[in-house]
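Note that the structure is predicted; figures quoted are calculated from it, not measured. Counting from 1, the numbers follow the sequence of the chain as shown. In listed order, ligands and their atoms are each counted from 1.
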Amino acid sequence: MDDEPRRLRLLFLDAYDSFANNIIALFEHTFATTVTRIYIDDQRYWDSAALCARKDFFSLLNSFDAVIAGPGPGTPLNARDVGLIGELWSLSPESRLPVLGICLGFQSLALAFGATIERLNKPRHGIITEVDHRRTHLFRDLEDKFLATQYHSLHVNIQNVVQTKREVDHVTEPWFPSQACPSLLPLAWDYDLDIHNGAVLMGVMHTNTSIPFCGIQYHPESICTDSEGAKIVGNWLRHVRAWNAKHRVGETNPMHLRETPQAAENGAHTSPLRQHSPLRVKKTSPSHRRSASWAAVKVLAEQLPTANGDYIRRLSQTLNIVDNPTASGRSKLLSLMSAHLNTSDEPNQPRVVQWDSVPQAWLRVGSICELLGIPVSEAVVLESGNHCEKASDDENDDESDYDNGLRTDRFSIIGLFIPERTLRIHYHVHNQLLELRLGNDTVIFSMQTADVWSDLKAIVEHFRAINGPTELPFWGGLMGFVSYEASLETIGVVPSTQQEASSRADICFALIMRSIVVDHRKEMIYYQTIERNDWDWLHLARTRLQEPYQDFTRPNVPIFLETSWRPVISQTLRDEMRVPDIDSWIGKNTHVARDQIFVHVKRHFLGQVRATGIRNSTYSRKVQECQEAIRAGNSYELCLTDQSCMRLPISPPEAGLSWVLYRDLVVKNPAPFNAYLRFGQDGHGVHTISSSPERFLSVTRNGKCQYRPIKGTVKKQQGVTRKDAEYILSSSKERAENLMIVDLIRHDLHGVVGAGNVEVTKLMSVEEFETVYQLVSVIEGDLKKAKEPKTAIDLLAASLPPGSMTGAPKKRSCQILQDIETETGRRGVYSGVIGYLDVGGGADFSVAIRTAYKYDDEVTTRRKPDGSLKAYDEWRIGAGGAVTSQSTAEGEYEEMLAKRDAVARVFMQCII
Ligand SMILES: C=C(O[C@@H]1C=C(C(=O)O)C=C[C@H]1O)C(=O)O
Ligand SMILES: NC(=O)CC[C@H](N)C(=O)O
């Protein structure tokens, strides 16, 4: 630790890199510094046309001891890419202050003093190389050589002999300024042993000691830069103190940041670690808002087809609240939710979870769902497909159970819908509309919102619960998905195809009050409710879950065959599929009957599947476009994706085809994060089946958070053993892909929990899945250690979209991908996240990959040979992979197909 008395005040100029928070954390955690961040295009100071904004910037600088000019996408040759960083180099002698440029910042410095910026022959992103130096200045007292992570496509050419001559004496020649750039003293080089790029300048300082500018090309904050590489930070800070003591007489002014007009309006506090500029705010005039609430009331009062007298009375009491012009939209929303649920919720009164449990015995998750009629109704099932071993008794310690919420193999969660009662929250990005819907899709309230995440937070808080089973990660709450488009909104990227599907929710969560959780480790089934006084249901649930035990001659009986499916099966199978012995199957009601019926449903509805493919040539062109963007320095890695469509005849809702497909998927592609989601009435609903290997984010009730990004994939095929896969996955290409995402996620997490609270607990371990081997890393943190109180929702909103689905840096990469993926259209549920926000404070979300989804209203019609029209459903399957400069178009295409086919095969095989 630095033992100097006063904390140094540093200004970080953020060029929209996805590693910025790691740099800030490196400074703040290791040394006595306070880092304030502003973006390079901060409107308070950056207006390329107005000189007065610059004057404000210069006076801002006066309140700091030094500046860090950060890394970022683009090139210093483009003034917009460097923004305010470009202003630093021409500071007048009296406003000069020490500057450390990192990567883009370093390149900008070098450009300003005579260097040229050129493309590397071979871009290096996530590549670890050896840095050579003379132990001077920034590199004083460092080991002779150290390993450092590189994230760059461009490099600095100062016409040093080592860059112009073929052979040089490395001991002396490279360490002097060149004639072309006499004011730049080279401090470090990377001689690029694989000779693609020749010598690459790694560190430089201005030769004039009164101009305190220096910079480095590598990333000192990367998890794979060794500790020596990070030591330059200490050296630089010592230099900052010494230089300021000598050249800046007296104290710098106390820090004063001008408030943005918006921040002033909202009374917002500018947090130094705030990751993104605030969400787009769409202004609604107060009168518009009032009329929106009137509209909501009317919708509510007129459209409830099943409303009884009681219901209307209750709600009409709420109308006063809803129409109160001084109440905020959010408080109306909450009042209405309470009124609908007939509970007089008092703000600070948490609900008490009522629960019980029974041994699991032979009941599997699928059979429990079938017992409860889930295949033919709205439901959310989050199923762990890789179960852990049963616990031995001495492992029953509660504290470790608590954190076992982080395991990927222990729990499956079934969210139950209560007809006419369960509420869904829909959010649409294109008009920022939040709706409250019933199962039959009646909209009972709608409002415009500038911050859907705070609304979700308020809902979870409103239904806060206590006293549930401590070891369970979920007690009740919001279960559903956040689409890729809604995720883009959180980083200020407007989806280019937003108009296309205005009626489809970009965020969809059901408020789950009753649920079943299977603890696979203890082999127990928990049934629980956060409805008040829900004893009757608890009793019913117990009876239902114990029913099958009472008759051991009928193991695994899917009751839903008798209830929901019976009429349909007899109708559909008898009339359409012409199965003669259907009655005898139903009569027997054995699991054989169930399996037979599944086979017949599949055979009937999948017999006519038409799949739209993805052309190799088109995909290859897109891979090349990605690589061009990388070569130009605009991205380091791009997760390119595409979608295939499965067109199949519309099936009657009661046939439960999506359930049948889902059961098939979990058998064919078992994964830790299987998910089945069926929301909305048929005709307007959305169905999702998913078998994702990848956890996005999990937060336990006591604040432990975990990300498990996957990057680096080897297709399983004949002749490829696990050893081969490990060998391939140890290549620099695969490791680079993974490293970039690990650093990106550290950045996302640092942004919320702050310096010193992020740990990489697993770096690039090989995991085996059904069709692929993949490299998995684990990044963990502790929400409780954040400086300001933070919730799981804050973390979720601050880290979407999942870095493994975008590439790095996130924002610029998403913009580039939008242009490249225009024909594909919306990614929708695919590439978003699926999971829950628990009323006890936890959360768990998977990355929605190996996923197929269908909107009921996305129906295509085709003319049959006999001239009649036939309607078809369109299931979409997204798939893709990270493109880096080292990718081959052929390899990427193969990888994308391997991932797609893990899901597509449940549609393609019709005869088993
Ligand atoms: C894009 C997909 O997967 C993502 C990309 C991966 C990769 O590039 O190796 C691995 C897992 C996912 O994060 C997909 O499965 O469709
Ligand atoms: N990490 C960075 O700052 C990268 C700088 C620049 N965009 C490059 O690719 O070289």
Note every protein N or O atom lying under 3.5 Å from an N or O atom of ligand 1, pairing the names and giving the distance.
from	atom 1	to	atom 2	distance (Å)
ligand 1	8 (O)	K711	NZ	3.4
ligand 1	8 (O)	A882	N	2.9
ligand 1	8 (O)	E895	OE2	3.4
ligand 1	9 (O)	G712	N	3.0
ligand 1	9 (O)	T713	OG1	2.6
ligand 1	9 (O)	E895	OE2	3.4
ligand 1	13 (O)	E694	OE1	2.6
ligand 1	13 (O)	I710	O	3.2
ligand 1	13 (O)	S804	OG	3.3
ligand 1	15 (O)	R850	NE	3.0
ligand 1	15 (O)	R850	NH2	2.8
ligand 1	16 (O)	Y830	OH	2.6
ligand 1	16 (O)	G880	N	3.0

> Below 4.5 Å, heavy atoms only, C-beta onward: do L104 and D17 meet side chain to side chain?
Replying inline: no

>> With no hydrogens and no angle check, just 3.5 Å: does a side-chain donor-acceptor pair link E694 and S804?
In response: yes

Write out the residue and atom name of the closest protein heavy atom to [atom], then the distance separating them to 0.1 Å.
atom: atom 5 (C) of ligand 2; result: G72 O, 3.3 Å
atom: atom 9 (O) of ligand 2; result: S153 N, 2.9 Å
atom: atom 10 (O) of ligand 2; result: L154 N, 2.9 Å
atom: atom 6 (C) of ligand 2; result: G74 O, 3.3 Å
atom: atom 2 (C) of ligand 2; result: C103 SG, 2.8 Å

Please verify the inter-ring angle class for [X] with [Y]; under 30° counts as parallel, over 60° as perpendicular, anything in between as tilted.
X: Y853; Y: Y855; answer: perpendicular
X: F139; Y: Y218; answer: tilted
X: H206; Y: F113; answer: perpendicular

> To the nearest 0.5 Å, how far apart are CD1 in I158 and CG in L111?
Replying inline: 13.5 Å

Thinking salt bridges, do [X] and [Y] make one under a 4.0 Å N-O criterion?
X: E767; Y: R708; value: yes
X: K715; Y: D901; value: no
X: D642; Y: R900; value: no

> Would K733 and E637 count as a salt bridge (charged side-chain N to carboxylate O under 4.0 Å, His left out) if you check the C-alpha gap in whole Å, the side-chain angles of each, and the deciding distance to 0.1 Å?
Replying inline: CA-CA 11 Å; K733 170 188 179 298; E637 165 170 320; over 6 Å; no

> Stepwise, does the ring-ring contact (aromatic ring centres under 6.0 Å, His included) test hold for H219 with Y151?
Replying inline: CA-CA 7 Å; H219 280 246; Y151 288 115; 4.9 Å; yes

> Would Y636 count as a contact of ligand 2 if the rule is a heavy atom under 4.0 Å away?
Replying inline: yes

> With a 4.0 Å cut-off on heavy atoms, does H155 reach ligand 2?
Replying inline: no

Output the list of atoms in ligand 2 that are nearer than 4.0 Å to some heavy atom of [X], sorted by atom number.
X: P71; answer: 1 (N), 2 (C), 3 (O)
X: H219; answer: 1 (N)
X: H152; answer: 8 (C), 9 (O), 10 (O)
X: P73; answer: 7 (N)

>> Go through it in stages, so that I can follow the logic: the residues are D664 and R905, the test is salt bridge (charged side-chain N to carboxylate O under 4.0 Å, His left out), and I'd like the CA-CA distance, side-chain angles, deciding distance and then a yes or no.
In response: CA-CA 9 Å; D664 205 21; R905 55 195 183 152; over 6 Å; no

>> Does any N or O of ligand 2 fall below 3.5 Å from an N or O anywhere on T75, backbone included?
In response: no

>> Using a plain distance cutoff, I'd like to know if Q107 has any nitrogen or oxygen under 3.5 Å from a nitrogen or oxygen of ligand 2.
In response: yes

